[in-house]
Amino acid sequence: MGGAISMMAGVLRPLGTALTRRPAGPSHQGRTAGPAFEMYYPLGNVVPWREAAWTVLCERVHQVATRCAGHANDDPVITAAAARAAAVAASLDAART
């Protein structure tokens with residue numbers, strides 16, 4: 001539960017704010033990026049097995065941390081989000097064992 005709250009408050013909130021202030025790209029001059037609101041799988045795709053659920057959760061949080069770190073480009077908000085996500089990932093890994 002603590003990991004979920006840390007991800008929402010410490011990673012997603014500041015990251016969402018920072019990303020919506022970044023340029024959308026050269027083909028969209030003067031526009032900023034925004035959330036896609038795309039679902040990649042139905043919400044009913046819930047893993048009922050504890051071990052598998054922990055594995056998926058840990059993988060996803062590690063992925064967020066890695067992608068944030070790869071896109072930080074000296075942006076302190078994204079750099080901080082990457083560090084917070086990495087800390088949550090490490091705590092989830094520790095809780096899993």
Side-chain angles (χ1 to χ4, degrees):
M1 184 63 109
I5 292 170
S6 293
M7 286 297 291
M8 288 185 287
V11 177
L12 299 177
R13 180 184 299 145
L15 191 58
T17 301
L19 292 176
T20 57
R21 293 182 178 147
R22 296 177 68 110
S27 60
H28 302 287
Q29 292 293 326
R31 294 185 182 171
T32 57
F37 298 109
E38 184 174 347
M39 295 296 295
Y40 294 102
Y41 49 85
L43 290 174
N45 187 13
V46 178
V47 180
W49 302 280
R50 182 181 175 95
E51 179 76 24
W54 271 107
T55 299
V56 170
L57 181 62
C58 291
E59 286 175 357
R60 298 286 164 82
V61 177
H62 277 287
Q63 186 178 46
V64 169
T66 301
R67 289 190 177 178
C68 285
H71 293 284
N73 297 326
D74 298 323
D75 183 319
V77 174
I78 298 175
T79 300
R84 286 186 194 113
V88 171
S91 71
L92 291 175
D93 287 339
R96 187 172 148 193
T97 57

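Along the sequence shown, the residues carry numbers beginning at 1.
- Counting heavy atoms from C-beta on, the side chains of D93 and H62 come closer than 4.5 Å.
- For Q63, the side-chain contact (heavy atoms from CB on, under 4.5 Å) partners two or more places apart in sequence, or in a different chain, are R60, R67.
- Minimum heavy-atom separation, L92 to C58: CB-SG, 3.8 Å.
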Pair up each side-chain donor or acceptor in residues 76-87 with any protein partner under 3.5 Å, not counting sequence neighbours, and list the distances.
from, atom 1, to, atom 2, distance (Å)
T79, OG1, D75, O, 2.9
R84, NH1, G10, O, 2.9

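- Applying the side-chain hydrogen bond (donor to acceptor under 3.5 Å, both in side chains) criterion to T32, with sequence neighbours excluded, gives no partner residue.
- The two residues V88 and S6 make their nearest non-hydrogen contact at CG2-CB, 3.6 Å.
- Remark: T17 OG1 to R22 CZ distance equals 13.5 Å, nearest 0.5 Å.
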